[in-house]
Amino acid sequence: MRIFNSLSNHLEEFKPMHKDTVNMYVCGPTVYNYIHIGNARPVIFFDVVRRYFEYKGYTVNFVSNFTDVDDKVITKAIEDEMEEKEVAEKFIDAFYKDAARVGSSTKYLAPRVTEYMSSIISYIERLIDKGYAYTVDGDVYFRVSKIEDYGILSGRKVEDLKEGARIDVNVKKENPLDFTLWKKTDVGITWPSPFGEGRPGWHTECVAMINDIFDGPIDIHGGGSEIKFPHHENEIAQAKALEQHNIANIWMHNGQLNIDDKKMSKSEGRMILVKDLNVDYMGFRLFTLSTHYRSPINYTDEILDSYVREWQKIRRVYKQSFYHLDLAESLEISPEVTENLKAIELRFMDAMDADFNTANAITELQNLVKYTNQTLRSKNSDKALKAAIDLFDTFFKILGLTPGVSPLTASDKAIYMAWDDARKNKDFDKADRLRDKLNARGIL
RNA sequence: GGUCCCGUAGCCAAGUGGCUAAGGCAAUGGACUGCAACUCCGUGAUCGCCGGUUCGAAUCCGGCCGGGACCUCCA
């Protein structure tokens with residue numbers, strides 16, 4: 001399988017560092033607010049990455065952090081007259097709820113900055129010891145000039161960066177590009193350290209946690225493209241300084257989600273929170289996976305709506321097939337995998353193998369829908385239908401889509417049979433009443 | 001100002017050197033149907049514009065137009 005590596009800018013054949021295991025880390029949210037639909041994109045996409053690796057038989061050690069201390073969390077805490085910890089707890093809970101809503105697993109290791117403070121401090125100390133960082137007045141800065149190819153990930157040159165850099169009011173820095181490792185402060189929560197009372201900068205947490213948890217470089221590091229620079233660039237710089245490696249073999253970055261073709265902006269009123277999305281979340285998940293993960297994706301109500309309807313269509317044929325077999329007491333029938341189904345499955349997997357081309361994978365899901373609708377209406381095809389359902393289950397598992405269909409109850413079946421009889425007897429009044437009942441139960 | 005990305009039918013979107021440019025939505029014609037819903041079958045684009053490279057380009061190169069991102073907290 002081939003994955004696009006942001007570090008090399010090329011598609012690369014995936015080779016795990018440790019046989020049958022994938023170690024991956026995805027930059028998680030800063031927990032000062034509910035997540036918006038743009039935050040949901042990596043939550044959904046990297047969940048699919050994990051699912052696909054698991055489908056392929058790998059054990060996936062999936063880690064994604066919570067940034068539970070930084071300026072925003074502190075500001076929010078002061079605003080709401082809460083402790084930083086309370087703010088973090090509140091929005092971590094909310095995050096888990098939203099992640100579950102959009103169909104992503106929440107069962108993974110989620111380290112928090114506050115839990116790794118000693119690791120972060122010692123990481124910074126080691127950087128100072130080796131001359132890659134310097135202390136000024138209780139602040140600690142990373143010395144970018146010590147890193148030979150700083151800018152390698154984001155494809156920037158130090159000269160270009162300097163030219164574009166704002167006039168830095170912080171005269172403490174040796175170089176405007178140097179970034180903060182430790183910030184001296186007396187606002188909000190602080191920790192004691194050898195450099196003084198303060199709190200860590202944003203860029204060390206991920207490297208320190210990865211270093212602690214995985215003990216060495218990992219297979220995949222993921223995140224949104226907008227944090228490629230400076231965050232990921234700075235992570236690499238620190239790891240190079242101490243560990244002489246790039247943290248991850250493969251760096252993956254998802255494109256941004258825009259609203260009405262513009263970047264989300266709270267101040268301009270262009271921001272939608274996941275919890276406020278008043279639709280079937282599976283439709284939203286399908287929407288985010290309908291564009292290749294590296295491309296930007298545009299949100300409008302209309303576009304989302306078309307994917308919600310698409311999801312209903314997918315779910316409908318699955319449900320109808322499932323109930324068809326259930327009514328025939330054939331849910332456990334042995335499947336007959338036809339050539340068509342084999343071809344659809346093969347193309348689906350080919351798409352996933354090609355840098356997680358979920359857009360093409362979804363096309364195959366749609367081909368399966370069409371095939372199943374045709375099969376559903378032909379006679380004596382229960383075995384093929386069973387095979388189709390099995391394939392749906394496989395696709396759903398990989399994409400993280402859940403149709404929410406379970407076997408019918410005895411009373412459901414009785415009504416269904418009665419409806420069928422009424423129609424055969426041309427008792428349409430009765431049939432319509434029974435049909436309403438079945439609709440109310442969500443069976444038709 | 002610097003760096004970079006994108007522009008495929010009304011809409012979403014795949015394809016990044018070679019069979020007739022996938023698929024979906026919408027629209028429209030037909031089939032099915034007690035009615036309706038559902039579903040199935042059919043119908044649409046020469047790929048922003050101009051020029052170049054090539055036997056051959058949506059795919060490579062150059063210019064132009066349009067949109068966006070990053071360079072500052074941001075998934």
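Worth saying up front: this structure is predicted, and the values here are computed from it rather than measured. A note on names: the letters A, B, ... follow the listed sequences, proteins ahead of strands, and every chain is numbered from 1.
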Quick tally for nucleotides 12-24 of chain B: nucleotides whose base has a protein heavy atom under 4.0 Å get B, sugar-phosphate-only ones S, the rest -, giving BSSS------BSS
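- B:C32 makes up no base pair with any nucleotide shown, lacking Watson-Crick or G-U wobble contacts both under 3.5 Å.
- Note on A:Q256: a base of the nucleic acid sits closer than 4.0 angstrom, heavy atoms only.
- B:C73 is unpaired under the criterion used here, namely a Watson-Crick or G-U wobble arrangement in which both key atom distances are under 3.5 Å.
- Candidate nucleotides B:C40, B:A26, B:C38 were compared by shortest atom distance to the side chain of A:N373, and B:C40 ranks first.
- Taking atom CG of residue A:L444 and atom P of nucleotide B:C35, one finds them 17 Å apart after rounding to whole Å.
- Taking the nucleotide of RNA chain B with the nearest heavy atom to each of A:H36 and A:A431, the more 5' of the two is matched to A:A431.
- The partner of B:G10 is B:C25, judged by Watson-Crick or G-U wobble contacts that both fall below 3.5 Å.
- A donor-acceptor contact shorter than 3.5 Å is absent between the side chain of A:K319 and the backbone of A:V405.
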In sequence, state the C-alpha distance, the side-chain angles, and the governing distance for A:D93 and A:K97, and then conclude on salt bridge (charged side-chain N to carboxylate O under 4.0 Å, His left out). CA-CA 6 Å; A:D93 280 356; A:K97 217 171 268 175; over 6 Å; no
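- Rounded to whole Å, atom P of B:G68 lies 20 Å from atom NZ of A:K228.
- Ring-plane geometry between A:H231 and A:W202 is classed as parallel, the angle between the planes falling under 30 degrees on a 0 to 90 degree scale with a further cut at 60.
- Here the C1' atom of nucleotide B:A75 and the CG atom of A:N258 are 13 Å apart, to the nearest Å.
- Residue-level contact check: A:R309 touches the backbone only, with heavy atoms under 4.0 Å from sugar-phosphate atoms and none from bases.
- Distance noted for atom P between B:A9 and B:G1: 31 Å (whole Å).
- B:A75 atom C1' lies 13 Å from atom CG of A:D70, rounded to whole Å.
- Counting non-hydrogen atoms under 4.0 angstrom, A:P29 reaches the backbone sugars and phosphates but no base.
- At the heavy-atom level, A:F428 lies under 4.0 Å from base atoms of the strands shown.
- Comparing the C1' positions of B:U28 and B:C71 gives a spacing of 50 Å, expressed to the nearest Å.
- Rounded to an integer number of Å, the gap from CZ of A:R41 to P of B:A69 is 15 Å.
- Nucleotide B:G44: unpaired (no Watson-Crick or G-U wobble partner with both distances less than 3.5 Å).
- Between A:Y293 and A:F46, the ring centre distance reaches or exceeds 6.0 Å.
- Put simply, the residue from A:H232, A:E226, A:R294 that forms a side chain to side chain donor-acceptor pair (under 3.5 Å) with A:H253 is A:H232.
- Using N1 to N3 plus N6-O4 or O6-N4 for Watson-Crick, or N1-O2 and O6-N3 for G-U wobble, each under 3.5 Å, B:C60 pairs with B:G52.
- If A:Q320 and A:S154 are placed on RNA chain B by their nearest nucleotide, the residue sitting closer to the 5' end is A:S154.
- The phosphate of B:A75 (OP1 or OP2) has a side-chain N or O of A:T30 nearer than 4.0 angstrom.
- Counting to the nearest Å, the C1' atom of B:U3 and the CD atom of A:E233 are 12 Å from each other.
- Spacing between B:C49 and B:U8 at atom C1', rounded to whole Å, works out to 15 Å.
- For B:A57 and B:G18, the P atoms lie 11 Å apart once the distance is rounded to whole Å.
- Phosphate proximity of B:C41 to A:Q374: present, with a side-chain N or O under 4.0 Å from OP1 or OP2.
- At whole-Å resolution of the value, CZ in A:R433 and C1' in B:A36 are 17 Å apart.
- Taking atom P in both B:U53 and B:U16, the straight-line distance is 25 Å, to the nearest Å.
- Across all strands shown, B:A37 forms no Watson-Crick or G-U wobble pair with both key distances under 3.5 Å.
- The separation of B:A45 from B:G10, taken at their C1' atoms, amounts to 12 Å, rounded to a whole angstrom.
- Aromatic ring centroids of A:F284 and A:Y307 lie 6.0 Å or more apart.
- Separation of the C1' atoms belonging to B:G44 and B:A13 is 16 Å when rounded to the nearest angstrom.
- Proximity of the aromatic rings of A:F396 and A:W311 is defined here by a centroid distance below 6.0 angstrom, and this criterion is met.
- On a pure distance criterion of 3.5 Å, a polar donor-acceptor pair joins the side chain of A:R377 and the base of B:C38.
- Rounded to a whole Å, the CG atom of A:N39 is 5 Å from the C1' atom of B:A75.
- Checked by distance alone, A:K263 brings a side-chain donor or acceptor within 3.5 Å of a matching partner on the base of B:C74.
- A:I35 comes within 4.0 angstrom of nothing in the nucleic acid, heavy atoms only.
- Contact check on A:R143 versus A:E174 returns a salt bridge, with a Lys/Arg side-chain nitrogen under 4.0 Å from an Asp/Glu carboxylate oxygen.
- In the interface, the side chain of A:R294 is not paired with the base of B:C5 through any donor and acceptor atom under 3.5 Å apart.
- When Watson-Crick and G-U wobble pairs are counted only if both distances are under 3.5 Å, B:U20 pairs with no nucleotide at all.
- With salt bridges taken as basic N to acidic carboxylate O contacts below 4.0 Å, one links A:R51 and A:D47.
- A distance of about 16 Å separates the C1' atoms of B:A21 and B:G56, rounded to the whole Å.
- When ring centroids are compared, A:F395 and A:F348 come within the 6.0 Å threshold.
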